[in-house]
Amino acid sequence: MTTHAAQAAHTVTLPGSLDEAVAALSAMPAAVPVAGGTDLMAAVNSGLLRPAALVGLGRISEIKGWQYQDGHALLGAGLTHARMGRPDFAALIPALAAAARVAGPPQIRNAGTLGGNIASAAATGDALPVLAALEAALVIAGPGGSRREIPVGHLLTGFDMLAPGELIGYVRVPLLHAPQAFLKATGRTGPGRATASVAVVLDPARRGVRCAVGAVAPMPLRPLEAERWVASIIDWDGERTLAPEACAAFGDYVAAACIPDPVPAPDGGPATLPPAALHLRRTVSTLARRALGRALA
């Protein structure tokens with residue numbers, strides 16, 4: 001999002017297709033796209049954003065479903081959390097469905113969209129660690145009917161940003177047909193913002209384990225060494241089970257990679273993490289251990 005001059009939105013455009021939405025954004029550079037509006041309205045109500053114009057995406061039916069394409073699922077950016085939480089979608093991408101079911105209270109899940117979760121790029125976005133673990137890609141719609149594809153991580157890290165007039169149209173996710181798990185911890189009972197979240201995805205075809213940790217940093221973190229280590233000790237040709245001690249070691253490995261020990265003091269004295277960081281590390285370790293256990297169950 002871009003912060004504009006403090007004024008109310010004077011123009012609201014409701015295009016019927018993705019290309020019409022791109023054309024409207026190109027014609028009004030100060031316009032802000034809005035789908036569910038869960039993040040945008042919070043920014044408006046808090047005074048952080050005063051868009052000069054809005055381009056509503058709610059009438060674009062082509063981005064509200066999904067289709068199969070070359071071993072991938074092409075997910076429309078307008079898919080709501082509530083829709084992704086249903087059983088038919090859960091059979092397709094279990095971890096993303098699990099994240100959608102805990103994305104917030106019903107009113108948030110009914111309005112909030114997959115594309116909005118990505119575009120907002122909030123550290124606590126529940127879909128983001130799942131997409132990172134799945135190594136998903138974004139299909140970006142641009143002026144003149146153009147389409148380009150970028151890894152989701154490129155947008156979240158700022159390596160490849162949306163150009164003026166561009167929109168996230170679809171999310172391309174590989175269909176692994178293998179167990180997946182998503183778990184998160186919140187600061188209160190019931191649906192809420194994550195203090196930490198973990199997605200674990202098995203990739204038997206490549207004999208790999210992919211893991212991503214959310215909410216502990218501005219973007220999802222991939223503990224690559226922990227992934228390689230645990231993949232090396234799994235019996236991919238057998239029952240794919242691990243001893244509880246191995247799952248616990250994986251959790252500790254992930255947590256230490258995402259919340260590392262501080263640099264030793266210049267005088268050589270011991271350097272310890274503050275209590276809050278130690279608690280967060282234990283939380284990540286527990287989530288990673290349990291997520292791996294569920295994926296292997």
*Asks:* According to the salt bridge (charged side-chain N to carboxylate O under 4.0 Å, His left out) rule, which pairs have a member within residues 248-261, sequence neighbours left out?
*Replies:*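 For residues 248-261: D261-R281.
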*Asks:* Name all residues meeting the salt bridge (Lys or Arg N to Asp or Glu O under 4.0 Å) criterion together with R290; count only those two or more places apart in sequence or in a different chain, and write none if there are none.
*Replies:*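 If we apply the salt bridge (Lys or Arg N to Asp or Glu O under 4.0 Å) test to R290, skipping adjacent residues, there are no hits.
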*Asks:* Are F250 and L221 connected into the same hydrophobic cluster when the rule is that any two of I, L, V, M, F, W, Y join if their side-chain heavy atoms are below 4.5 Å apart?
*Replies:* yes
*Asks:* For residues Y170 and W66, establish whether the separation of their ring centroids is below 6.0 Å.
*Replies:* no
*Asks:* Heavy-atom distance under 4.5 Å between the side chains of R148 and E166, does that happen here?
*Replies:* yes
*Asks:* Can you check whether W229 reaches L224 side chain to side chain, under 4.5 Å on heavy atoms?
*Replies:* no
*Asks:* Donor-acceptor pairs under 3.5 Å, side chain of residues 69-85 to any protein atom, not counting sequence neighbours: which ones?
*Replies:*
residue: Q69; atom: OE1; partner: R172; partner atom: NH1; Å: 2.5
residue: Q69; atom: OE1; partner: R172; partner atom: NH2; Å: 3.1
residue: H72; atom: ND1; partner: D70; partner atom: O; Å: 2.9
residue: T80; atom: OG1; partner: R83; partner atom: N; Å: 3.1
residue: R83; atom: NH1; partner: D88; partner atom: OD1; Å: 3.1
residue: R83; atom: NH2; partner: D88; partner atom: OD2; Å: 2.7

*Asks:* Can you sort out the partners of D235 under side chain to side chain contact (heavy atoms under 4.5 Å, CB included), two or more places apart, ordered by chain and number?
*Replies:*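 D237.
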*Asks:* If we only count heavy atoms from C-beta on, is the L296 to L202 side-chain gap below 4.5 Å?
*Replies:*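 Yes. Closest side-chain heavy atoms under 4.5 Å.
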*Asks:* Give the table of side-chain donor-acceptor pairs shorter than 3.5 Å for residues 125-143, with sequence neighbours excluded, one pair per line with atom names and distance.
*Replies:*
residue: D126; atom: OD1; partner: K184; partner atom: NZ; Å: 3.2
residue: D126; atom: OD2; partner: K184; partner atom: NZ; Å: 3.0
residue: E135; atom: OE2; partner: R222; partner atom: NH1; Å: 3.3
residue: E135; atom: OE2; partner: R222; partner atom: NH2; Å: 3.4

*Asks:* Output side-chain donor-acceptor pairs under 3.5 Å for residues 19-31, partner residues at least two apart or in another chain, one line each.
*Replies:*
residue: D19; atom: OD1; partner: R147; partner atom: NH1; Å: 3.1
residue: D19; atom: OD1; partner: R147; partner atom: NH2; Å: 3.1
residue: E20; atom: OE1; partner: G16; partner atom: N; Å: 2.8
residue: S26; atom: OG; partner: V22; partner atom: O; Å: 2.9

*Asks:* Would you say L287 and V284 make side-chain contact, with heavy atoms under 4.5 Å?
*Replies:*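 No, too far: nothing below the 4.5 Å cut-off.
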*Asks:* What about I234 and V201, same hydrophobic cluster or not, with Ile/Leu/Val/Met/Phe/Trp/Tyr joined at side-chain heavy-atom distances under 4.5 Å?
*Replies:* no
*Asks:* How about V55 and P15: do any of their side-chain heavy atoms sit closer than 4.5 Å?
*Replies:* yes
*Asks:* Any side-chain heavy atom of V209 within less than 4.5 Å of one from D203?
*Replies:*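 A side-chain contact under 4.5 Å is absent here.
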